[in-house]
Amino acid sequence: MTLCVRIIPCLDVDAGRVVKGVNFKNLADAGDPVEMASLYSAEGADEITFLDISASANNAPTTLDVVRKTAEQVFIPLTVGGGVRSVEDVDKLLRAGADKISINTAALNRPELISEIAQRFGQQVLVLSVDARRAATESGFEVTTHGGKVSAGLDAITWIKQASQLGIGEILLNSMDADGTKSGFDLQMIKAVRSVTSVPLIASGGAGKLEDFEAALVAGANALLAASVFHFGTFKIIDVKNFLSNRGYPMRLESNS
Amino acid sequence: MIAILDYGSGNLRSALKAFQNTGKNVVVTSEVEVAKSAQALVIPGVGAFSACMASLNKVQAKEIIAHRVSNQLPIFGICVGLQVLFSESQESSEQKPESGLGVWPNKVVRLSNPILPHMGWNTVQAGQGSKLFNGLNQEKFYFVHSYAVIEPAGQVSSWCDYGQKFLAAVEDGPIVATQFHPEKSGKAGLKLISNWVDSL
(Lines give C-alpha, C1' and ligand atoms only; values in the text may rest on other atoms or scores of the structure.)
Protein backbone atom coordinates (compact mmCIF):
# COMPACT_ATOMS: atom_id res chain seq x y z
CA MET A 1 0.00 0.00 0.00
CA THR A 2 1.80 3.02 -1.19
CA LEU A 3 1.28 6.06 -3.38
CA CYS A 4 1.49 5.26 -7.09
CA VAL A 5 3.69 7.07 -9.58
CA ARG A 6 1.40 9.12 -11.81
CA ILE A 7 1.63 9.04 -15.61
CA ILE A 8 0.12 12.17 -17.14
CA PRO A 9 -0.45 12.75 -20.86
CA CYS A 10 -0.50 16.43 -21.84
CA LEU A 11 -2.69 17.80 -24.61
CA ASP A 12 -1.86 21.13 -26.23
CA VAL A 13 -5.14 22.81 -27.13
CA ASP A 14 -5.47 25.76 -29.50
CA ALA A 15 -8.91 27.30 -30.01
CA GLY A 16 -10.58 24.11 -28.79
CA ARG A 17 -8.53 21.72 -30.95
CA VAL A 18 -5.65 19.43 -29.99
CA VAL A 19 -2.54 20.48 -31.86
CA LYS A 20 1.10 19.42 -32.01
CA GLY A 21 1.77 15.97 -33.26
CA VAL A 22 -1.29 13.95 -32.61
CA ASN A 23 -1.31 10.78 -34.65
CA PHE A 24 -4.13 8.49 -33.67
CA LYS A 25 -5.61 6.34 -36.37
CA ASN A 26 -8.35 4.81 -34.25
CA LEU A 27 -10.08 8.08 -33.46
CA ALA A 28 -12.81 9.63 -35.55
CA ASP A 29 -11.50 13.06 -34.62
CA ALA A 30 -7.97 13.11 -33.18
CA GLY A 31 -8.22 16.87 -32.85
CA ASP A 32 -11.05 16.70 -30.36
CA PRO A 33 -9.62 17.22 -26.84
CA VAL A 34 -12.65 15.63 -25.19
CA GLU A 35 -12.31 12.45 -27.24
CA MET A 36 -8.54 12.37 -26.69
CA ALA A 37 -8.96 12.80 -22.92
CA SER A 38 -11.51 9.95 -22.84
CA LEU A 39 -9.17 7.70 -24.80
CA TYR A 40 -6.21 8.41 -22.52
CA SER A 41 -8.36 7.87 -19.45
CA ALA A 42 -9.49 4.51 -20.84
CA GLU A 43 -5.85 3.63 -21.53
CA GLY A 44 -4.92 4.18 -17.90
CA ALA A 45 -3.81 7.83 -17.61
CA ASP A 46 -3.71 8.82 -13.94
CA GLU A 47 -4.55 12.44 -14.76
CA ILE A 48 -5.02 14.55 -17.87
CA THR A 49 -3.41 17.94 -18.48
CA PHE A 50 -4.76 20.45 -20.99
CA LEU A 51 -2.43 23.24 -21.95
CA ASP A 52 -4.26 26.06 -23.70
CA ILE A 53 -1.70 27.46 -26.12
CA SER A 54 -4.11 29.83 -27.88
CA ALA A 55 -2.41 33.11 -28.56
CA SER A 56 -5.61 35.08 -28.08
CA ALA A 57 -7.44 35.59 -24.80
CA ASN A 58 -10.68 35.39 -26.82
CA ASN A 59 -10.38 31.64 -26.73
CA ALA A 60 -11.14 31.44 -23.01
CA PRO A 61 -14.84 30.52 -23.59
CA THR A 62 -13.79 27.72 -25.97
CA THR A 63 -11.42 26.33 -23.34
CA LEU A 64 -14.15 26.44 -20.68
CA ASP A 65 -16.41 24.52 -23.03
CA VAL A 66 -13.75 21.85 -23.59
CA VAL A 67 -13.24 21.53 -19.83
CA ARG A 68 -17.00 21.27 -19.26
CA LYS A 69 -17.47 18.52 -21.83
CA THR A 70 -14.42 16.60 -20.59
CA ALA A 71 -15.58 16.74 -16.96
CA GLU A 72 -18.88 15.18 -18.03
CA GLN A 73 -17.26 11.96 -19.17
CA VAL A 74 -13.73 11.71 -17.79
CA PHE A 75 -13.68 10.80 -14.10
CA ILE A 76 -10.00 11.28 -13.38
CA PRO A 77 -8.26 14.50 -12.31
CA LEU A 78 -8.02 17.24 -14.91
CA THR A 79 -5.39 19.99 -14.82
CA VAL A 80 -5.80 23.03 -17.05
CA GLY A 81 -3.12 25.60 -17.79
CA GLY A 82 -2.31 28.37 -20.23
CA GLY A 83 -3.59 31.90 -20.08
CA VAL A 84 -4.62 31.81 -16.41
CA ARG A 85 -4.07 35.36 -15.15
CA SER A 86 -6.40 35.96 -12.22
CA VAL A 87 -8.36 34.44 -9.36
CA GLU A 88 -11.49 34.84 -11.54
CA ASP A 89 -9.89 32.77 -14.33
CA VAL A 90 -9.22 30.01 -11.79
CA ASP A 91 -12.77 30.21 -10.42
CA LYS A 92 -14.27 29.82 -13.92
CA LEU A 93 -12.09 26.83 -14.77
CA LEU A 94 -12.81 25.07 -11.47
CA ARG A 95 -16.53 25.65 -11.90
CA ALA A 96 -16.31 24.25 -15.44
CA GLY A 97 -14.86 21.04 -13.97
CA ALA A 98 -11.07 21.44 -13.73
CA ASP A 99 -9.50 20.03 -10.57
CA LYS A 100 -6.16 21.77 -10.75
CA ILE A 101 -4.90 24.88 -12.49
CA SER A 102 -1.36 25.38 -13.69
CA ILE A 103 0.10 28.85 -13.80
CA ASN A 104 3.35 30.04 -15.27
CA THR A 105 3.90 33.53 -16.74
CA ALA A 106 1.19 35.23 -14.69
CA ALA A 107 2.90 34.08 -11.48
CA LEU A 108 6.26 35.36 -12.72
CA ASN A 109 4.69 38.75 -13.49
CA ARG A 110 2.93 38.90 -10.15
CA PRO A 111 3.99 36.29 -7.55
CA GLU A 112 1.21 37.40 -5.14
CA LEU A 113 -1.22 35.69 -7.53
CA ILE A 114 0.00 32.37 -6.06
CA SER A 115 -1.05 33.26 -2.52
CA GLU A 116 -4.31 34.81 -3.72
CA ILE A 117 -5.30 31.57 -5.47
CA ALA A 118 -4.07 29.39 -2.58
CA GLN A 119 -6.04 31.39 -0.01
CA ARG A 120 -9.25 31.21 -2.00
CA PHE A 121 -9.16 27.62 -3.28
CA GLY A 122 -6.42 25.92 -1.27
CA GLN A 123 -2.87 25.30 -2.44
CA GLN A 124 -3.76 21.83 -3.77
CA VAL A 125 -5.43 23.37 -6.84
CA LEU A 126 -2.27 25.12 -7.89
CA VAL A 127 0.36 23.58 -10.13
CA LEU A 128 3.35 25.83 -10.61
CA SER A 129 4.59 25.27 -14.14
CA VAL A 130 8.25 26.18 -14.60
CA ASP A 131 9.89 26.25 -18.04
CA ALA A 132 13.58 26.07 -17.16
CA ARG A 133 16.83 25.70 -19.08
CA ARG A 134 20.52 25.56 -18.34
CA ALA A 135 22.18 28.96 -17.95
CA ALA A 136 24.94 30.73 -16.10
CA THR A 137 22.82 31.58 -13.05
CA GLU A 138 23.47 30.74 -9.40
CA SER A 139 21.99 27.24 -9.61
CA GLY A 140 22.84 26.72 -13.27
CA PHE A 141 19.16 26.82 -14.30
CA GLU A 142 17.05 29.80 -15.30
CA VAL A 143 13.35 30.39 -15.84
CA THR A 144 12.19 31.10 -19.38
CA THR A 145 8.98 32.38 -20.96
CA HIS A 146 7.49 32.13 -24.44
CA GLY A 147 8.05 28.39 -24.69
CA GLY A 148 11.69 28.57 -23.70
CA LYS A 149 12.68 31.30 -26.13
CA VAL A 150 13.02 34.20 -23.71
CA SER A 151 14.93 34.37 -20.44
CA ALA A 152 12.82 35.58 -17.51
CA GLY A 153 16.03 36.84 -15.88
CA LEU A 154 15.39 34.67 -12.83
CA ASP A 155 17.22 31.72 -11.30
CA ALA A 156 14.93 28.67 -11.45
CA ILE A 157 15.77 27.34 -7.99
CA THR A 158 15.38 30.78 -6.38
CA TRP A 159 11.96 31.09 -8.05
CA ILE A 160 10.79 27.64 -6.94
CA LYS A 161 11.84 28.37 -3.35
CA GLN A 162 9.93 31.66 -3.42
CA ALA A 163 6.80 30.14 -5.00
CA SER A 164 6.82 27.21 -2.55
CA GLN A 165 6.57 29.66 0.34
CA LEU A 166 3.61 31.40 -1.28
CA GLY A 167 1.55 28.18 -1.38
CA ILE A 168 1.62 25.73 -4.28
CA GLY A 169 0.31 22.15 -4.46
CA GLU A 170 2.88 20.74 -6.86
CA ILE A 171 5.48 21.67 -9.46
CA LEU A 172 5.45 20.85 -13.15
CA LEU A 173 9.08 21.11 -14.20
CA ASN A 174 9.59 21.43 -17.95
CA SER A 175 13.14 21.20 -19.26
CA MET A 176 13.26 23.47 -22.30
CA ASP A 177 16.64 22.02 -23.32
CA ALA A 178 15.37 18.44 -23.25
CA ASP A 179 11.88 19.17 -24.61
CA GLY A 180 11.33 17.43 -27.94
CA THR A 181 14.82 15.88 -28.02
CA LYS A 182 13.72 12.42 -26.80
CA SER A 183 17.15 12.16 -25.16
CA GLY A 184 15.88 11.83 -21.60
CA PHE A 185 14.79 14.17 -18.81
CA ASP A 186 17.22 16.75 -17.38
CA LEU A 187 18.08 14.71 -14.29
CA GLN A 188 20.31 17.31 -12.68
CA MET A 189 17.51 19.84 -12.91
CA ILE A 190 15.06 17.40 -11.28
CA LYS A 191 17.56 16.74 -8.46
CA ALA A 192 18.16 20.45 -7.91
CA VAL A 193 14.42 21.18 -7.65
CA ARG A 194 13.72 18.13 -5.46
CA SER A 195 16.28 19.36 -2.94
CA VAL A 196 14.48 22.68 -2.35
CA THR A 197 10.79 21.75 -2.33
CA SER A 198 8.58 19.36 -0.37
CA VAL A 199 5.60 19.37 -2.77
CA PRO A 200 5.13 16.66 -5.40
CA LEU A 201 7.26 17.12 -8.51
CA ILE A 202 6.07 16.32 -12.04
CA ALA A 203 8.91 15.96 -14.54
CA SER A 204 8.38 16.88 -18.17
CA GLY A 205 10.46 17.20 -21.31
CA GLY A 206 12.77 14.74 -23.02
CA ALA A 207 11.09 11.35 -22.62
CA GLY A 208 12.17 9.13 -25.51
CA LYS A 209 12.50 5.63 -24.10
CA LEU A 210 11.06 3.73 -21.17
CA GLU A 211 14.29 3.87 -19.16
CA ASP A 212 14.08 7.69 -19.21
CA PHE A 213 10.99 7.61 -16.99
CA GLU A 214 12.73 5.46 -14.40
CA ALA A 215 15.76 7.77 -14.37
CA ALA A 216 13.49 10.76 -13.64
CA LEU A 217 11.97 8.91 -10.67
CA VAL A 218 15.41 8.05 -9.33
CA ALA A 219 16.33 11.75 -9.62
CA GLY A 220 13.33 12.65 -7.43
CA ALA A 221 10.23 13.07 -9.60
CA ASN A 222 6.88 11.85 -8.21
CA ALA A 223 4.94 11.99 -11.46
CA LEU A 224 5.80 11.97 -15.16
CA LEU A 225 4.21 14.04 -17.89
CA ALA A 226 4.70 13.46 -21.59
CA ALA A 227 3.05 14.51 -24.83
CA SER A 228 4.57 13.40 -28.11
CA VAL A 229 5.66 9.87 -27.11
CA PHE A 230 2.02 9.13 -26.31
CA HIS A 231 0.50 11.13 -29.18
CA PHE A 232 2.75 9.49 -31.77
CA GLY A 233 2.21 6.07 -30.24
CA THR A 234 5.93 5.53 -29.52
CA PHE A 235 4.54 3.67 -26.55
CA LYS A 236 1.26 3.48 -24.71
CA ILE A 237 0.65 4.61 -21.16
CA ILE A 238 0.31 0.99 -20.07
CA ASP A 239 3.77 0.23 -21.54
CA VAL A 240 5.31 2.87 -19.27
CA LYS A 241 3.32 1.57 -16.31
CA ASN A 242 4.22 -2.06 -16.90
CA PHE A 243 7.88 -1.18 -17.32
CA LEU A 244 7.99 0.82 -14.08
CA SER A 245 5.92 -1.77 -12.24
CA ASN A 246 8.40 -4.47 -13.25
CA ARG A 247 11.16 -2.25 -11.88
CA GLY A 248 9.40 -2.21 -8.52
CA TYR A 249 7.57 1.12 -8.64
CA PRO A 250 3.98 1.23 -7.36
CA MET A 251 1.72 1.85 -10.36
CA ARG A 252 -2.02 1.88 -10.97
CA LEU A 253 -2.40 -0.81 -13.61
CA GLU A 254 -6.20 -0.87 -13.81
CA SER A 255 -7.63 0.97 -16.80
CA ASN A 256 -10.90 2.88 -16.90
CA SER A 257 -12.32 1.39 -20.06
CA MET B 1 -33.21 12.85 -4.80
CA ILE B 2 -29.53 13.36 -3.92
CA ALA B 3 -28.46 16.89 -2.99
CA ILE B 4 -24.88 18.12 -3.32
CA LEU B 5 -24.26 20.91 -0.84
CA ASP B 6 -22.95 24.02 -2.61
CA TYR B 7 -21.06 26.24 -0.21
CA GLY B 8 -18.68 27.74 -2.76
CA SER B 9 -16.21 24.88 -2.71
CA GLY B 10 -14.33 24.43 -6.00
CA ASN B 11 -15.27 21.79 -8.51
CA LEU B 12 -18.86 20.63 -7.96
CA ARG B 13 -19.40 19.72 -11.58
CA SER B 14 -17.38 16.50 -11.42
CA ALA B 15 -19.25 15.41 -8.29
CA LEU B 16 -22.57 16.23 -9.96
CA LYS B 17 -21.70 14.22 -13.08
CA ALA B 18 -20.32 11.26 -11.11
CA PHE B 19 -23.42 10.96 -8.92
CA GLN B 20 -25.70 11.50 -11.93
CA ASN B 21 -23.91 8.57 -13.54
CA THR B 22 -25.92 6.28 -11.21
CA GLY B 23 -29.14 7.38 -12.90
CA LYS B 24 -30.34 9.19 -9.77
CA ASN B 25 -31.84 12.65 -9.74
CA VAL B 26 -29.06 14.90 -8.38
CA VAL B 27 -29.25 18.60 -7.54
CA VAL B 28 -26.64 21.11 -6.41
CA THR B 29 -28.08 23.29 -3.68
CA SER B 30 -27.26 25.76 -0.93
CA GLU B 31 -30.81 25.88 0.40
CA VAL B 32 -31.11 24.73 3.99
CA GLU B 33 -34.50 23.05 3.63
CA VAL B 34 -33.51 21.14 0.49
CA ALA B 35 -30.26 19.99 2.13
CA LYS B 36 -32.13 18.94 5.28
CA SER B 37 -34.87 16.98 3.57
CA ALA B 38 -33.09 15.42 0.56
CA GLN B 39 -33.00 11.63 0.51
CA ALA B 40 -29.20 11.87 0.68
CA LEU B 41 -26.73 14.73 1.04
CA VAL B 42 -23.23 14.93 -0.42
CA ILE B 43 -20.76 17.29 1.28
CA PRO B 44 -17.90 17.93 -1.13
CA GLY B 45 -14.83 19.81 -0.01
CA VAL B 46 -11.58 21.13 -1.32
CA GLY B 47 -9.22 23.70 0.14
CA ALA B 48 -8.31 24.56 3.68
CA PHE B 49 -10.30 23.25 6.66
CA SER B 50 -10.93 26.68 8.17
CA ALA B 51 -12.05 28.19 4.85
CA CYS B 52 -14.43 25.25 4.36
CA MET B 53 -15.84 25.60 7.88
CA ALA B 54 -16.38 29.33 7.37
CA SER B 55 -18.25 28.70 4.10
CA LEU B 56 -20.22 25.83 5.65
CA ASN B 57 -21.33 28.07 8.50
CA LYS B 58 -22.71 30.55 5.96
CA VAL B 59 -25.11 27.90 4.60
CA GLN B 60 -26.06 26.79 8.16
CA ALA B 61 -24.35 23.43 7.68
CA LYS B 62 -24.24 22.77 11.42
CA GLU B 63 -28.03 22.84 11.58
CA ILE B 64 -28.33 20.73 8.40
CA ILE B 65 -25.92 18.05 9.63
CA ALA B 66 -27.36 17.94 13.15
CA HIS B 67 -30.85 17.48 11.70
CA ARG B 68 -29.73 14.72 9.36
CA VAL B 69 -27.65 12.89 11.99
CA SER B 70 -30.45 12.90 14.57
CA ASN B 71 -32.93 11.67 11.95
CA GLN B 72 -30.43 9.14 10.55
CA LEU B 73 -30.63 10.59 7.02
CA PRO B 74 -27.77 9.63 4.67
CA ILE B 75 -24.71 11.89 4.30
CA PHE B 76 -21.62 11.36 2.14
CA GLY B 77 -18.62 13.60 2.97
CA ILE B 78 -15.76 13.86 0.47
CA CYS B 79 -12.14 14.92 1.27
CA VAL B 80 -12.39 18.05 3.44
CA GLY B 81 -16.09 17.08 3.54
CA LEU B 82 -14.90 14.06 5.59
CA GLN B 83 -12.63 16.16 7.79
CA VAL B 84 -15.31 18.69 8.77
CA LEU B 85 -17.43 15.84 10.20
CA PHE B 86 -14.80 15.31 12.92
CA SER B 87 -14.53 17.30 16.13
CA GLU B 88 -11.44 19.35 15.32
CA SER B 89 -8.54 19.95 12.93
CA GLN B 90 -4.96 21.03 13.56
CA GLU B 91 -4.63 22.45 10.06
CA SER B 92 -4.55 26.12 11.04
CA SER B 93 -2.82 25.58 14.39
CA GLU B 94 -1.60 22.66 16.48
CA GLN B 95 -2.02 24.59 19.73
CA LYS B 96 -5.47 25.98 18.95
CA PRO B 97 -7.26 23.36 16.84
CA GLU B 98 -10.32 24.54 14.96
CA SER B 99 -13.71 22.96 15.68
CA GLY B 100 -15.46 20.83 13.09
CA LEU B 101 -19.05 19.61 12.98
CA GLY B 102 -18.35 16.93 15.59
CA VAL B 103 -20.21 13.92 14.21
CA TRP B 104 -17.15 11.86 15.19
CA PRO B 105 -14.87 12.71 18.12
CA ASN B 106 -11.40 12.38 16.57
CA LYS B 107 -8.85 14.95 15.51
CA VAL B 108 -7.64 15.78 11.97
CA VAL B 109 -3.81 15.94 12.06
CA ARG B 110 -0.97 16.65 9.63
CA LEU B 111 0.48 13.64 7.84
CA SER B 112 4.12 12.93 8.68
CA ASN B 113 5.35 12.16 5.14
CA PRO B 114 8.00 14.69 3.99
CA ILE B 115 6.33 15.08 0.57
CA LEU B 116 2.93 16.77 0.95
CA PRO B 117 0.19 17.01 -0.25
CA HIS B 118 -0.41 13.26 -0.51
CA MET B 119 -1.41 13.56 -4.16
CA GLY B 120 -2.34 10.70 -6.45
CA TRP B 121 -3.66 7.14 -6.49
CA ASN B 122 -3.25 4.93 -3.45
CA THR B 123 -4.63 1.56 -2.35
CA VAL B 124 -7.46 1.34 0.18
CA GLN B 125 -7.75 -1.58 2.56
CA ALA B 126 -11.50 -1.96 3.03
CA GLY B 127 -12.71 -2.42 6.59
CA GLN B 128 -14.48 -5.59 7.66
CA GLY B 129 -18.17 -5.45 6.77
CA SER B 130 -17.81 -2.44 4.50
CA LYS B 131 -20.73 -1.88 2.12
CA LEU B 132 -19.11 1.10 0.41
CA PHE B 133 -16.17 -1.02 -0.79
CA ASN B 134 -18.27 -4.00 -1.82
CA GLY B 135 -16.21 -5.58 -4.63
CA LEU B 136 -13.54 -2.89 -4.23
CA ASN B 137 -11.09 -4.19 -1.61
CA GLN B 138 -7.47 -3.22 -2.40
CA GLU B 139 -8.58 -0.87 -5.19
CA LYS B 140 -6.83 2.42 -5.85
CA PHE B 141 -8.48 5.81 -5.36
CA TYR B 142 -7.38 9.40 -5.96
CA PHE B 143 -6.26 11.42 -2.93
CA VAL B 144 -5.27 15.10 -2.52
CA HIS B 145 -4.69 16.16 1.10
CA SER B 146 -2.05 16.93 3.71
CA TYR B 147 -4.18 16.28 6.80
CA ALA B 148 -6.05 13.15 7.90
CA VAL B 149 -7.53 11.23 10.82
CA ILE B 150 -5.27 8.46 12.13
CA GLU B 151 -7.69 6.71 14.53
CA PRO B 152 -10.67 4.52 13.69
CA ALA B 153 -14.11 6.17 13.60
CA GLY B 154 -17.72 5.09 13.15
CA GLN B 155 -18.65 1.43 12.65
CA VAL B 156 -16.35 0.54 9.74
CA SER B 157 -12.96 2.15 9.13
CA SER B 158 -11.08 1.64 5.87
CA TRP B 159 -7.39 2.47 5.69
CA CYS B 160 -4.70 3.89 3.43
CA ASP B 161 -0.95 4.18 3.96
CA TYR B 162 1.33 7.09 3.12
CA GLY B 163 4.26 6.52 5.45
CA GLN B 164 1.65 6.13 8.19
CA LYS B 165 -1.80 4.58 8.31
CA PHE B 166 -4.70 6.99 8.04
CA LEU B 167 -8.47 6.81 7.60
CA ALA B 168 -9.43 6.49 3.95
CA ALA B 169 -13.15 6.08 4.68
CA VAL B 170 -15.66 5.95 7.49
CA GLU B 171 -19.02 4.15 7.49
CA ASP B 172 -21.32 4.86 10.38
CA GLY B 173 -24.80 3.67 9.47
CA PRO B 174 -26.25 6.26 7.10
CA ILE B 175 -23.28 8.63 7.57
CA VAL B 176 -20.29 7.83 5.34
CA ALA B 177 -17.23 9.78 4.22
CA THR B 178 -14.10 9.27 2.15
CA GLN B 179 -10.78 11.09 2.36
CA PHE B 180 -10.22 10.37 -1.35
CA HIS B 181 -12.24 11.72 -4.27
CA PRO B 182 -14.50 8.94 -5.62
CA GLU B 183 -15.69 11.33 -8.36
CA LYS B 184 -12.08 11.47 -9.61
CA SER B 185 -11.18 7.83 -9.07
CA GLY B 186 -12.17 6.39 -12.45
CA LYS B 187 -14.10 3.13 -12.57
CA ALA B 188 -13.41 2.22 -8.94
CA GLY B 189 -14.77 5.58 -7.79
CA LEU B 190 -17.94 5.28 -9.86
CA LYS B 191 -18.50 1.77 -8.49
CA LEU B 192 -18.10 3.05 -4.92
CA ILE B 193 -20.63 5.82 -5.60
CA SER B 194 -23.06 3.32 -7.05
CA ASN B 195 -22.55 1.03 -4.00
CA TRP B 196 -23.55 3.97 -1.83
CA VAL B 197 -26.55 4.89 -3.98
CA ASP B 198 -27.71 1.24 -3.94
CA SER B 199 -27.64 1.32 -0.13
CA LEU B 200 -29.99 4.32 0.10
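Computed from heavy atoms alone, side chains included, the values below leave out hydrogens, waters and symmetry copies. Chain naming here is simple, since letters A, B, ... match the order of the sequence lines and numbering starts at 1 in each.
Counting heavy-atom pairs under 4.5 Å between each of P182(B), A18(B), A51(B) and chain A puts A18(B) at the top. If you tally non-hydrogen atom pairs under 4.5 Å between each of A96(A), A71(A), S198(A), G169(A) and chain B, the highest count goes to S198(A). Contacts with chain B were tallied for Q73(A), M251(A), R68(A); R68(A) has the most, counting heavy-atom pairs under 4.5 Å.
Atom OG1 of T2(A) sits about 8.0 Å away from atom OH of Y162(B), to the nearest 0.5 Å. The line from CE of M119(B) to CG of D46(A) is 13.0 Å long, rounded to the nearest 0.5 Å. Put simply, OG1 on T123(B) and CZ on R252(A) are 11.0 Å apart, with the number rounded to the nearest 0.5 Å. Separating the CZ atom in R6(A) from the OH atom in Y142(B) is a distance of 5.5 Å, to the nearest 0.5 Å. Atom CZ of F143(B) sits about 15.0 Å away from atom CD of Q124(A), to the nearest 0.5 Å. Once rounded to the nearest 0.5 Å, the distance linking OG of S185(B) with CZ of F75(A) reads 11.5 Å.
Few gaps surround CD on Q72(B); more than 12 heavy atoms of other groups in view lie less than 6.0 Å from it. Counting heavy-atom neighbours within 6.0 Å of E211(A) CD, excluding the residue itself, gives a total above 12. Enclosure of atom NZ in K107(B) is not indicated, since only 12 or fewer non-hydrogen atoms of other residues, nucleotides or ligands lie within 6.0 angstrom. By the neighbour-count criterion of 12 heavy atoms within 6.0 Å, atom NZ of K92(A) is sparsely surrounded, having that number or fewer from other residues, nucleotides or ligands. More than 12 heavy atoms of other residues, nucleotides or ligands sit less than 6.0 Å from atom CD of E214(A).
Proximity to chain A is absent for every atom of Q20(B), based on heavy atoms less than 4.5 angstrom apart. Neither the backbone nor the side chain of A118(A) comes within contact range of chain B, judged by heavy atoms closer than 4.5 Å. With a 4.5 Å cut-off on non-hydrogen atoms, V199(A) touches chain B through its backbone and its side chain both. Of the atoms belonging to L16(B), not a single heavy atom falls under 4.5 Å from chain A. Of the atoms belonging to P117(B), heavy atoms from both backbone and side chain fall under 4.5 Å from chain A. Interface residue V74(A): only backbone heavy atoms are found under 4.5 Å from chain B.
Between P200(A) and I115(B) there is a side-chain heavy-atom pair separated by less than 4.5 Å.
Checking side-chain atoms of K184(B) against main-chain N and O of I76(A) turns up a donor-acceptor pair under 3.5 Å.
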